[in-house]
Chemist: 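Questions regarding the structure given below will be posed in turn.
We name chains A, B, ... by the order of the sequence lines, and we start the count at 1 in each one.
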Number of protein chains: 2
Amino acid sequence: MRASDRAYAALRDDITEWRLLPGTVLGEVEQSQRLGVSRTPLREALGRLTAEGLTTTAGGRGVVVTAVSLEDIDELFELRETLERRAAALAAERGDSAVFLQLQKELLEAPALIDGTDTGRHAYYELAGRLDAAIDAAASNSYLAQAIRGLRVHLVRVRRLAADDARRLTAAAAEHAAIAEAIAGRNPRLAEAATTLHLHRSLSHVKNTHTPHDKEHHG
Amino acid sequence: MRASDRAYAALRDDITEWRLLPGTVLGEVEQSQRLGVSRTPLREALGRLTAEGLTTTAGGRGVVVTAVSLEDIDELFELRETLERRAAALAAERGDSAVFLQLQKELLEAPALIDGTDTGRHAYYELAGRLDAAIDAAASNSYLAQAIRGLRVHLVRVRRLAADDARRLTAAAAEHAAIAEAIAGRNPRLAEAATTLHLHRSLSHVKNTHTPHDKEHHG
DNA sequence: CCTCCAACTTTTGTATACAAAACTCTTGTT
DNA sequence: AACAAGAGTTTTGTATACAAAAGTTGGAGG
């Protein structure tokens, strides 16, 4: 694995896991020493993060970790709804029913996996990720898929703000199952509606459990 | 201006203007010498282009200019419709009517500008760009705006394939005026419909005037 | 004649040294 | 005391040298 890839992955994880808080300035020498790479691959990593919007160049003062305000979350979900509704509708038109029937089946059985432990939560995230990937593949629009990928990195950061307890995860599984069912049934409008419902509930959950988190400058 | 910015702008223009054809391999030493910069800023430029999708890394064989197939154009416009419909609807909800009334007025007078010369075409593109910018600003969703910006670089490349004659430009001005009117009238559904109509006509024009362009490997 | 392996060549990836620009702190003046 | 100008310091931007990896070509063996 390339040094720039390792630096990128490490920084991205540090940011999405809120170990590097918004406002933190990422000095090139400091971070390159911390991650054990030279400045060249580190700069490449910072460039990627900035292109994704996880960091921003503060005009000569180095790159800083971007904040995620309440307003950002609203905007994020506004775009997410636009993109994922379309992806779900396209998947319903173009997808293979068998794939989504199988996913629906697994999602209906998901509550058995969700036991409140980290293992259970991780197992569910993996399953939800498989549904996302299946929808992207079925929509078969590489530009749409890329736009959604660009959003996801922000969404995992937001997800870390919310307390994903067993109750919310169980409800989310049912919502996901409804999406899979609509796609398997080749019903684009229903797939859009199910997606809207899921995202609305997801956003409500985030905003309800979102304790006014510190987003001020670090250090 | 930084050397990496110059290299990026030069390469991006060379690609969108079809001076660097799809399949062309962009060797680092070759391009850095051609553009008069060292490899370091050139690599940064290539990284940006690859993130945007104008180039792709062909596994160890360097980065190559991506192709734009007929299928790509369909996918591009599919995403474009999704994003711009939403942006127009949000602009109709949130925008300032006066701004769009003024734009509508200018767009209705645009046929006078369009005389078939490059100057006339450029003047119209500038006006259409102002409408796009006004919609982005009125939608006031930075993530949506970023997604649309990511598309535009591909769209200018596609536009270069189409013969934008005076007749098409005049028709496009009327379509744009309809969008501006709908937003000024604070009618989101009408703004979406006008956007759909414009994009449909725009896509049809591209596909009709699109002589099967060479997209094979260069040299 | 085809295939596989190895040395060679080319190209990318990384480290470091140097240049330039931006920020900061001091100092002098109003 | 407040502000501006300038030297110093820190940080980013660029160039180049070196290392590593991938591709290619030539030759030997089947």
Chemist: One pair to check against salt bridge (charged side-chain N to carboxylate O under 4.0 Å, His left out): B:Asp132 and B:Arg149. What are the steps and the verdict?
Modeler: CA-CA 10 Å; B:Asp132 283 342; B:Arg149 271 198 306 275; over 6 Å; no

Chemist: Is there side-chain contact between A:His200 and A:Phe77, with at least one heavy-atom pair below 4.5 Å?
Modeler: no

Chemist: Anything under 3.5 Å between a protein N or O and an N or O of nucleotides 6-8 of chain C, put it in a table, one pair a line.
Modeler:
none

Chemist: Kindly write out the residues that satisfy salt bridge (charged side-chain N to carboxylate O under 4.0 Å, His left out) with B:Glu17, not counting sequence neighbours, or none if the list is empty.
Modeler: B:Arg160

Chemist: Atom CG of A:Leu42 to atom C1' of D:dT12: distance rounded to whole Å?
Modeler: 12 Å

Chemist: Can any side-chain N or O of A:Tyr8 pair as donor or acceptor with the backbone N or O of A:Leu49 at less than 3.5 Å?
Modeler: no

Chemist: Could you state the CD-P distance from B:Gln31 to C:dT11, rounded to the nearest angstrom?
Modeler: 12 Å

Chemist: Just to verify, what does B:Arg159 make a salt bridge (charged side-chain N to carboxylate O under 4.0 Å, His left out) with, not counting sequence neighbours?
Modeler: none

Chemist: What does the inter-axis angle of the helix from C:dC1-D:dG30 to C:dT30-D:dA1 come out as, five pairs per end, nearest 10 degrees?
Modeler: 20°

Chemist: Please state how far atom CD in B:Glu28 lies from atom P in D:dA20, giving the value in whole angstrom units.
Modeler: 18 Å

Chemist: Whole angstroms only, please: what is the OH-C1' distance between B:Tyr8 and D:dG13?
Modeler: 19 Å

Chemist: Keeping the roles fixed (side chain from A:Glu81, backbone from A:Thr196), state whether a donor-acceptor pair exists under 3.5 Å.
Modeler: no

Chemist: Classify the side-chain pair A:Tyr125/A:Asp164 by whether it contains a donor and acceptor separated by less than 3.5 Å.
Modeler: yes

Chemist: Distance only, no hydrogens: is a donor on one side chain within 3.5 Å (strictly under) of an acceptor on the other, for B:Thr66 and B:Thr56?
Modeler: no

Chemist: Can a donor-acceptor pair be found between the side chains of B:Ser32 and B:Arg39 at a distance below 3.5 Å?
Modeler: no

Chemist: Which pairs, protein N/O on one side and nucleotides 14-16 of chain D N/O on the other, fall under 3.5 Å?
Modeler:
| residue | atom | partner | partner atom | Å |
| --- | --- | --- | --- | --- |
| D:dT14 | OP1 | B:Ala3 | N | 2.4 |
| D:dA15 | OP2 | B:Ser38 | N | 2.7 |
| D:dA15 | OP2 | B:Ser38 | OG | 2.8 |
| D:dA15 | N7 | B:Thr40 | OG1 | 2.8 |
| D:dT16 | O4 | B:Thr40 | OG1 | 3.1 |

Chemist: Considering residues at least two apart in sequence or located in another chain, which fulfil the side-chain contact (heavy atoms from CB on, under 4.5 Å) criterion with A:Leu20?
Modeler: A:Leu11, A:Asp14, A:Ile15, A:Thr24, A:Leu26, A:Arg34, A:Val65

